[in-house]
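Treat the numbers as computed from the prediction; the structure is a model and nothing was measured. We name chains A, B, ... by the order of the sequence lines, and we start the count at 1 in each one.
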Amino acid sequence: MAQDSQTPIHEVVMIGAGPAALAAAIYTTREDVETVLFERGVIGGLAAVTDWVDNYPGFAKGISGLDYAEQLRQQAERFGAKIELAEVTKITDEGQYKRLTTTDGDVLAKSVLIATGSDYKKIGAPGEQTYYGRGVHYCATCDGAFYRGKRLVVVGGGNSAVQESIFLTRFAEHIDMLVRSDHLKASEVLQHDLKKHQDKITVHFNTTTDEIVGAEVDGVNRVVKVAGTDTTTSQKVEFQTDGVFVFVGLKPNTEFLKDSAIELDEYGFVKSNEQLQTTMPGVFVAGDVRSGATMQIATATGEGATAALRIREYLEEHGRKHTGGKDYRE
Amino acid sequence: MVKHITIFTTTTCASCGMVKKWLDTKGHRYEVINLDQNPERQAEALALSGALTVPVTVVTKEDDAKHVVVGFNLAKLAPALA
């Protein structure tokens, strides 16, 4: 299909505006490569909704996820990156251009970076969907404040579960952490921090989350307990609670690629070669959505920078003249 | 026509910032109620939205009809402001 004169054409379109895309945009825009990012959710991605980023190099005392995301956004926009708040729903290879269908209309791109990241998985237990947003949550920094002086259950035993449990102690009177395995997968540092909060957090190992149970209390149907199983004894266990926060791993945001020519791995992550190029020429991938990603902010930004350099090479191989960039120093 | 927009937020909520940013880009003015600073208004947010989450955006039209949008949901925010 040939491009029509009405459809905007961009040198690079980045799908997502998390750390990988924003880092890539800093690199492309500093090289004077015109760059537009499409974000359907939060600028900064999961990093922005993380309470505290403690292991990103260069911040000696750590930084809040929200502040980090804001710094990234400002840095990318300082060089000319343009962020559109819209969702990309389809990508089609039209040869010289890729056509991106978005909720604000179609755009054409000479090259594309997929950096849509990942989102928290659901556990799939009965009651989880019923009470979503009304007692079942996936964002502690958004919804923790509703639980001042209340009891909470946190499901999961990885970095996010431990870190967000510690954050939730600001509000909750007590937290029961339900961990399916016999150990925490969180880093040693976080496990050490967790011990400082053992007056408020009780960790239950070998415990599955079977059902989130609600009942009518004071005329309101709300979460009252979590039913689970102690897998060492097969005994049913129950935890009285006012709310449940779920942090059981990540799933890639690749629904929009399911019918495209871009190949995904068996878990839905985007496959790429050593150049971070996908199976659609001119379309690159970086960050948590890439097959083999290590799910760290530092690696996401590194991959973003690498992808930006590969994109520039790709554009130059396809006729773009190197401009030498701009001087942005104040 | 939109008469008034209220956003219920918390201090650490990234999605709340996105709603404000989006409304800014569309040229809308709005009132912010921070539930960390005003916890007594949590019940009001719950009653309006049925949800224990933020952001909750309440768009009041000229005829006083209220449109309530939970989360940073462009598919619902845009029609609510139309």
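- Atom NZ of B:Lys21 is separated from atom CG of A:Leu85 by 6.5 Å, given to the nearest 0.5 angstrom.
- To the nearest 0.5 Å, atoms CG (B:Leu74) and CG (A:Asp104) are separated by 8.0 Å.
- Contacts between B:Thr9 and chain A at a heavy-atom distance below 4.5 Å are absent for every atom of the residue.
- Across all non-hydrogen atoms, the minimal contact from A:Cys142 to B:Cys13 is CA-CB, 4.1 Å.
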- Candidate pair A:Arg170 and B:Asp36, rule salt bridge (Lys or Arg N to Asp or Glu O under 4.0 Å), full reasoning: CA-CA 12 Å; A:Arg170 295 183 193 188; B:Asp36 284 324; over 6 Å; no
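- Among B:Thr10, B:Val70, B:Val54, the residue with the largest count of heavy-atom pairs under 4.5 Å with chain A is B:Val54.
- Proximity to chain B (any heavy atom under 4.5 Å) is restricted, for A:Leu66, to the side chain, taken from C-beta onward.
- Rounding to the nearest 0.5 Å places CG of A:Asp143 at 9.0 Å from OG of B:Ser15.
- Using a 4.5 Å cut-off between heavy atoms, A:Ala69 makes no contact with chain B at all.
- Taken to the nearest 0.5 Å, the CG atom of B:Leu52 stands 12.5 Å off from the OH atom of A:Tyr131.
- Taking every heavy atom of both residues into account, A:Arg134 and B:Ala51 meet most closely at CG-CA, 3.9 Å.
- Among A:Arg222, A:His137, A:Glu70, the residue with the largest count of heavy-atom pairs under 4.5 Å with chain B is A:His137.
- Across all non-hydrogen atoms, the minimal contact from B:Thr12 to A:Phe167 is OG1-CZ, 3.9 Å.
- Note: A:Arg40 CZ to B:Asn73 CG = 11.0 Å, rounded to the nearest 0.5 Å.
- When every heavy atom of B:Ala14 is checked against every heavy atom of A:Val49, the shortest pair comes out as CB-CG1, 3.8 Å.
- Residue A:Phe171 touches chain B through its side chain alone, counting heavy-atom pairs closer than 4.5 Å.
- Distance CH2/B:Trp22 to CD/A:Glu39: 15.0 Å, rounded to 0.5 Å.
- A donor-acceptor contact shorter than 3.5 Å links the side chain of B:Gln42 to the backbone of A:Ala145.
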